[in-house]
Protein chains: 2
Amino acid sequence: MRELKYAILGLLNQKSMSGYELSAEFESALNEFWSAKHSQIYPELKKLTQEGMITYEVAISGHVLQKKIYTITDAGREDFLRWLAEDQPISPTPKDVFRLRVFFSGELTPQQRRSMFEGHLAQHLARLSYLRQQMNKFDTPPGSSSPEIGDYLVLTGAIMREETTCEWLKKCMDLAGI
Amino acid sequence: MRELKYAILGLLNQKSMSGYELSAEFESALNEFWSAKHSQIYPELKKLTQEGMITYEVAISGHVLQKKIYTITDAGREDFLRWLAEDQPISPTPKDVFRLRVFFSGELTPQQRRSMFEGHLAQHLARLSYLRQQMNKFDTPPGSSSPEIGDYLVLTGAIMREETTCEWLKKCMDLAGI
DNA sequence: ATAATACATGTACATATTGACATATATGGT
DNA sequence: ACCATATATGTCAATATGTACATGTATTAT
């Protein structure tokens with residue numbers, strides 16, 4: 001547990017930054033596998049500071065606006081690397097409301113089913129298109145010891161996942177005869 | 001929101017059953033896309049009863065052991081069908097601790113990375129094998145208006161998802177040069 | 001007989017997460 | 001000048017979820 005803790009430590013291990021910047025990272029780089037609102041991030045930063053995992057310095061944006069730039073400590077880095085190297089069983093399959101609906105979709109009329117699958121397919125195709133465009137940021141696949149390798153691997157996985165989801169949705173429409 | 005509510009109503013719409021049996025359903029049929037412990041189910045059943053969505057009759061197992069058999073009401077069925085037919089945007093990508101680790105895997109030694117990917121691949125292959133065996137319960141693919149269609153569609157999706165995950169893990173080992 | 005496991009229902013506490021509330025400065029465009 | 005949007009940090013309340021606590025009966029194998 002305490003996954004948010006390690007997500008934050010991992011990001012601060014890459015680069016010192018403010019809570020606001022961390023927030024932005026969760027909405028961009030980590031978006032395909034983790035999320036956190038600022039209302040969860042700020043309290044966690046406070047806790048991590050108290051625990052000695054991170055420290056901060058106050059910087060000024062513009063004339064007076066203060067921001068706290070957080071930096072990981074040696075203790076924090078140690079804890080993060082211990083967590084990262086830990087052997088852990090695969091987590092239970094995550095909750096998925098759409099699959100829950102599909103499970104009960106026998107109760108829908110053919111028209112309703114059609115609309116459900118079509119709507120989702122369109123949204124997943126859009127996401128897939130966005131992810132493929134994201135892939136362009138890598139001119140060439142990063143080497144196995146490049147700092148970008150993790151980013152590249154999860155993006156590859158996200159694209160494969162979306163491709164399969166789209167295939168599945170098409171198959172559903174086919175099997176459900178609509 | 002209130003997804004647990006609709007998962008329960010959906011199951012009770014198929015068949016009246018006790019909290020214990022509902023619990024078992026979450027661990028078997030719904031396992032690939034939803035989960036709930038009995039400590040969450042029993043309070044929700046109480047709430048749904050108060051809301052008039054379900055009713056129960058007390059039955060006796062053996063000589064004295066009481067169990068409550070819950071049945072969906074007309075109001076409950078109506079609410080469930082309304083929810084099922086609702087147009088809803090795709091949910092944000094679910095949290096995935098393993099992908100979080102992969103994102104940071106540049107910090108690991110090649111040996112540690114190898115062990116991480118291999119361990120996960122073995123577990124996903126086992127799950128895939130189990131799911132394929134589950135598929136045998138369908139002698140022939142259920143027709144589009146069969147009550148089993150939802151079950152069949154989600155199982156198909158679960159197998160496709162696991163297959164893709166396994167492919168991705170192999171690709172990761174390849175790309176990370178281990 | 002007895003022991004292990006399944007059946008059966010509940011509560012209590014801790015943690016995780018989201019949405020709303022609350023406030024204030026900085027910057028870029030019109 | 002003014003407005004919209006982005007930057008910046010925090011709290012609060014509600015909901016969701018999981019682990020542990022708590023209790024008792026039924027069935028099956030030894």
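On a predicted model such as this, the values are computed, not experimentally measured, just so you know. By convention in this document, chain letters (A, B, ...) are assigned in the order of the sequence lines, proteins followed by strands, and residues within each chain are numbered from 1.
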5'-most by nearest nucleotide on DNA chain C - A:Gly62 or B:Tyr70: B:Tyr70

When you get a sec, tell me which of D:dC12, C:dA8, D:dA16 is the closest nucleotide to the side chain of B:Leu65? C:dA8

Could you tell me whether A:Lys95 contacts a base, only the sugar-phosphate backbone, or nothing, with contacts defined as non-hydrogen atoms closer than 4.0 Å? sugar-phosphate

Cation-pi check, B:Arg99 onto B:Trp168 ring (under 6.0 Å, within 45° of axis): yes

Within the structure shown, what part of the strands sits under 4.0 Å from A:His38 by heavy-atom distance: base, sugar-phosphate, or nothing? base

What is the nucleic acid contact for B:Lys37, judged by heavy atoms within less than 4.0 Å: base, sugar-phosphate only, or nothing? base

Between A:His63 and A:Glu3, which residue's closest nucleotide on DNA chain C lies nearer the 5′ terminus? A:Glu3

What's A:Ser39 touching, base or sugar-phosphate or nothing? Going by heavy atoms closer than 4.0 Å. base

ILVMFWY network linking B:Val154 to B:Met160, side-chain heavy atoms under 4.5 angstrom: yes

How many angstroms lie between NZ in B:Lys67 and OH in B:Tyr20, if you round to the nearest 0.5 Å? 10.5 Å

Does C:dT17 have OP1 or OP2 under 4.0 Å away from a side-chain N or O of A:Gln40? yes

For the side chain of A:Trp34, counting heavy atoms from C-beta on, which of C:dT25, C:dT17, C:dA8 is nearest? C:dT17

Presence of donor-acceptor pair under 3.5 Å, side chain of A:Ser18 and base of D:dT7: no

